[in-house]
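No hydrogens, no waters, no symmetry mates; every other heavy atom, side chains included, goes into these values. By convention here, the first residue in the shown sequence is residue 1.
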Amino acid sequence: CRVIEKMKLYSLFRSFTKDEMNEFSRFLNSPYFNESRNTVKLFSILRKHYPEFNSKSIDPARIYLKVFSKNEEVHLNSLNNLFSRLKKLAVEYMSIKRFRNDKKQSDFSCIGELKQKGLDRLFERKSKAVFENTGPENDSDLFLYKYLIGFMESDHLLKDIYSGKTSDPFGSIFSNVDELQKFYYLN
């Protein structure tokens, strides 16, 4: 088994708290995120070595026999691929965990998805709700998100201009640029 791949995986797992190890286990067992039963088997074997993950006590040949059928010939490439897959899933878990904990980023992504799907009414309601429930006005990210959402709304503005629904098309453009200037000023 490639030593570098194992060491990267062990470093990731060492950085996890006990709660994160439990959460990652649930993540791995979700068919939405992971369809390989072998990665679950590998994790359950490695998890017994938490938090040390002393590579001397973890024997790749023994792991292989526990994960794969005993009738199969030992192919270390299969185990290497499984270690790589488990490492990718651990990184994906960390990314998703971070995303879930960042309410602003999560809200902004939801708004973007609503806009991309053409769900204009939901987009407008969600954008309004997000900005009604935002934090302090000195949060530079808030201004960036306001600018980006305003940019997403620009196609509405063009439709309104062509249909004659707006008498002041430049008001929202200037407001949008103002949000971007506030973002840069605070940074």
Sequence neighbours left out, what passes side-chain contact (heavy atoms from CB on, under 4.5 Å) with Ser15? Give chain and number order.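 Ser15: no side-chain contact (heavy atoms from CB on, under 4.5 Å) contacts found.
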Apply side-chain contact (heavy atoms from CB on, under 4.5 Å) to Ser109 and list each qualifying residue two or more places apart in sequence or on a separate chain.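 Listed in chain order: Phe99, Gln105.
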Can Phe33 and Ile96 be said to form a side-chain contact (heavy atoms from CB on, under 4.5 Å), step by step? CA-CA 11 Å; Phe33 295 108; Ile96 290 170; 3.3 Å; yes
Exercise: identify the closest heavy-atom pair between Leu82 and Ser36: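 Distance-wise, the nearest heavy atoms are CD1-OG, 4.3 Å.
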Mind listing the closest non-hydrogen atom pair of Val67 and Asn38 along with its distance?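 Minimum heavy-atom separation between Val67 and Asn38: O-OD1, 3.5 Å.
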Quick one: do Lys103 and Asp107 make a salt bridge, cutoff under 4.0 Å?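 Looking at Lys103 and Asp107, the cut-off is met.
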NZ/NE/NH1/NH2 to OD/OE distance under 4.0 Å, Lys97 and Glu20: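 The answer is yes: the pair qualifies as a salt bridge.
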Aromatic contact between Phe43 and Phe24, with the criterion being ring centroids under 6.0 Å apart: yes or no?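 Yes, the ring of Phe43 comes within the 6.0 Å limit of the ring of Phe24, centre to centre.
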Test side-chain contact (heavy atoms from CB on, under 4.5 Å) on Leu12 and Lys87; report intermediate values, then the result. CA-CA 8 Å; Leu12 277 170; Lys87 183 184 71 107; 3.6 Å; yes
Gap between atom [atom2] of [Y] and atom [atom1] of [X] - 0.5 Å precision:
X	Y	atom1	atom2	result
Leu9	Ile58	CG	CD1	9.0 Å
Lys41	Leu28	NZ	CG	14.0 Å
Leu65	Ile45	CG	CD1	9.5 Å
Leu122	Lys117	CG	NZ	12.5 Å
Leu114	Ser127	CG	OG	8.0 Å
Arg14	His49	CZ	NE2	12.0 Å

Kindly determine whether Tyr10 and Phe83 satisfy side-chain contact (heavy atoms from CB on, under 4.5 Å), including the steps that lead there. CA-CA 10 Å; Tyr10 297 162; Phe83 267 89; 3.9 Å; yes
Would you sort out whether Arg37 and Asn29 count as a side-chain contact (heavy atoms from CB on, under 4.5 Å), showing the intermediate values? CA-CA 8 Å; Arg37 300 311 312 153; Asn29 281 290; 3.2 Å; yes
